[in-house]
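Quick caveat: nothing in here was measured; it's all calculated off a predicted structure.
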Amino acid sequence: MAFNNYDPEKVIVTWNGIIIDGFADGTFFSVSMNEAAFNLTKGADRESTRTKSNNLSAQATATLMQTSSANALLYAAHALDLVTGTNNGPLLVEDILNGETLFSANAWIMQYPDVEFGKESSTREWNFEIDEIIPTGNVLSA
């Protein structure tokens, strides 16, 4: 029986030269594909056709603590993008311990995160649109 280890501190996320850290407890980074890889079309006589979508776009969410220093960098990067329309760049997610890697040459911040202030520290959810995600390493061998 195989024995494996996982360490959340060994998951490194960078976007456009910014190291994203100060993650919140729980799920701190997630990626969801925008479309299924294949779509099924059924005919009236039950004949089936499977069509490959070729859409590798996705959305990602980084959940940071309110106090994370990465928030200031992401706020500034998104503000620049709103002015110039050119602040998109590579997104790289690496699980150093297990070799799982996700890469996109073009990703951008979709919007400023919702902001809450209260008795306890809260979180900031940064949503990224990803042009085309490329999984490598453990993702493909699973």
Side-chain angles (χ1 to χ4, degrees), residues 1-43 46-142:
M1 180 186 325
F3 182 80
N4 298 301
N5 290 297
Y6 171 73
D7 181 350
E9 287 187 346
K10 301 293 185 190
V11 176
I12 310 299
V13 180
T14 57
W15 170 73
N16 211 16
I18 297 171
I19 296 172
I20 301 175
D21 57 5
F23 292 110
D25 194 23
T27 300
F28 57 84
F29 194 84
S30 63
V31 177
S32 297
M33 300 302 294
N34 286 334
E35 190 174 306
F38 295 92
N39 296 302
L40 176 67
T41 303
K42 295 289 282 184
R46 296 183 8 220
E47 184 173 317
S48 300
T49 301
R50 184 177 87 142
T51 306
K52 187 171 184 240
S53 74
N54 296 312
N55 182 353
L56 297 177
S57 68
Q59 292 185 1
T61 301
T63 305
L64 307 183
M65 295 186 304
Q66 174 181 338
T67 55
S68 170
S69 59
N71 285 316
L73 299 171
L74 295 171
Y75 276 116
H78 186 55
L80 178 64
D81 197 20
L82 290 172
V83 173
T84 66
T86 60
N87 204 12
N88 60 295
L91 174 71
L92 178 62
V93 182
E94 299 176 280
D95 181 345
I96 302 299
L97 200 58
N98 293 300
E100 188 172 2
T101 303
L102 299 168
F103 174 74
S104 175
N106 292 301
W108 55 93
I109 297 170
M110 294 172 62
Q111 63 198 33
Y112 287 118
D114 292 341
V115 175
E116 296 177 346
F117 296 97
K119 183 179 175 186
E120 300 285 328
S121 177
S122 63
T123 61
R124 302 293 182 260
E125 288 190 357
W126 290 94
N127 296 307
F128 296 85
E129 189 74 36
I130 299 169
D131 175 43
E132 201 171 86
I133 195 84
I134 301 167
T136 61
N138 253 2
V139 177
L140 295 179
S141 61

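- Checked against the 6.0 Å centroid criterion, the rings of Phe29 and Trp126 do not qualify as a close aromatic pair.
- Atom CD1 of Ile19 sits in a sparse spot, with 12 or fewer heavy atoms from other residues, nucleotides or ligands closer than 6.0 Å.
- Although no hydrogens or angles enter the test, the distance criterion places no donor-acceptor pair under 3.5 Å between the side chain of Asn88 and the main chain of Ala107.
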request  = Would you check, one step at a time, whether the test side chain to side chain contact (heavy atoms under 4.5 Å, CB included) holds for Phe128 with Val31?
outcome  = CA-CA 9 Å; Phe128 296 85; Val31 177; over 6 Å; no
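- Looking at residues two or more places apart in sequence or on another chain, you find a side-chain contact (heavy atoms from CB on, under 4.5 Å) between Asn54 and Lys52.
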key: Evaluation steps, side chain to side chain contact (heavy atoms under 4.5 Å, CB included), between Tyr6 and Leu97   = CA-CA 7 Å; Tyr6 171 73; Leu97 200 58; 5.5 Å; no
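- Residue Glu35 qualifies as enclosed at atom CD: its count of foreign heavy atoms under 6.0 Å is above 12.
- Residues Ser69 and Asp21 have side chains in contact (heavy-atom distance under 4.5 Å, counting atoms from C-beta outward).
- Interatomic distance, OG1 of Thr123 versus CG of Leu64, reported as 8.5 Å (0.5 Å rounding).
- Residue Asp7 qualifies as enclosed at atom CG: its count of foreign heavy atoms under 6.0 Å is above 12.
- For the atom pair CD of Glu125 and CE of Met110, the computed distance is 12.0 Å after rounding to the nearest 0.5 Å.
- For the pair Ser104 (side chain) and Glu132 (backbone), a donor-acceptor distance under 3.5 Å is present.
- With rounding to the nearest 0.5 Å, the separation of CG in Leu74 from CD1 in Ile109 is 4.5 Å.
- Note that CG of Asn106 and CD1 of Ile130 are 11.0 Å apart. Values are rounded to the nearest 0.5 Å.
- Annotation: side chain of Leu92 is in contact with side chain of Thr101 (closest heavy-atom distance under 4.5 Å).
- With contacts defined as side-chain heavy-atom distances shorter than 4.5 Å, the pair Glu129/Asn34 qualifies.
- Annotation for His78 and Gln111: closest pair NE2-CA, 3.7 Å, computed over non-hydrogen atoms.
- Judged by distance alone, the side chains of Gln59 and Ser32 never bring a donor and an acceptor atom under 3.5 Å apart.
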key: Val11 vs Val93, side chain to side chain contact (heavy atoms under 4.5 Å, CB included): CA-CA, chis, key distance, verdict   = CA-CA 7 Å; Val11 176; Val93 182; 4.3 Å; yes
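- The OG1 atom of Thr61 lies 4.0 Å from the CG atom of Asn127; values are rounded to the nearest 0.5 Å.
- Side chain of Asn98 to main chain of Asn5: a donor-acceptor pair is present (N/O by atom type, distance under 3.5 Å, no hydrogens or angles).
- At most 12 heavy atoms of other shown residues, nucleotides or ligands fall within 6.0 angstrom of atom CG in Asp114.
- The backbone N or O of Ala36 lies less than 3.5 Å from a partner atom in the side chain of Ser53, making a donor-acceptor pair.
- Residue Ser122 forms a side-chain hydrogen bond (donor to acceptor under 3.5 Å, both in side chains) with just one option from Glu120, Arg124, Lys119, and that option is Arg124.
- Using cut-offs of 30° and 60° for the angle between ring planes, the Phe23 and Phe28 rings count as tilted.
- Taking CD of Glu94 as the start and CD1 of Ile12 as the end, the distance is 7.5 Å to the nearest 0.5 Å.
- Residues Met33 and Ser57 approach most closely at CE-O, 3.6 Å, considering heavy atoms.
- Using modelled atom types and a 3.5 Å distance limit, the side chains of Asp131 and Trp108 yield no donor-acceptor pair.
- Counting only N and O atoms by type, the side chains of Asn87 and Asn16 include a donor and acceptor under 3.5 Å apart.
- The backbone N or O of Ile20 lies less than 3.5 Å from no partner atom in the side chain of Trp15, so there is not a single donor-acceptor pair.
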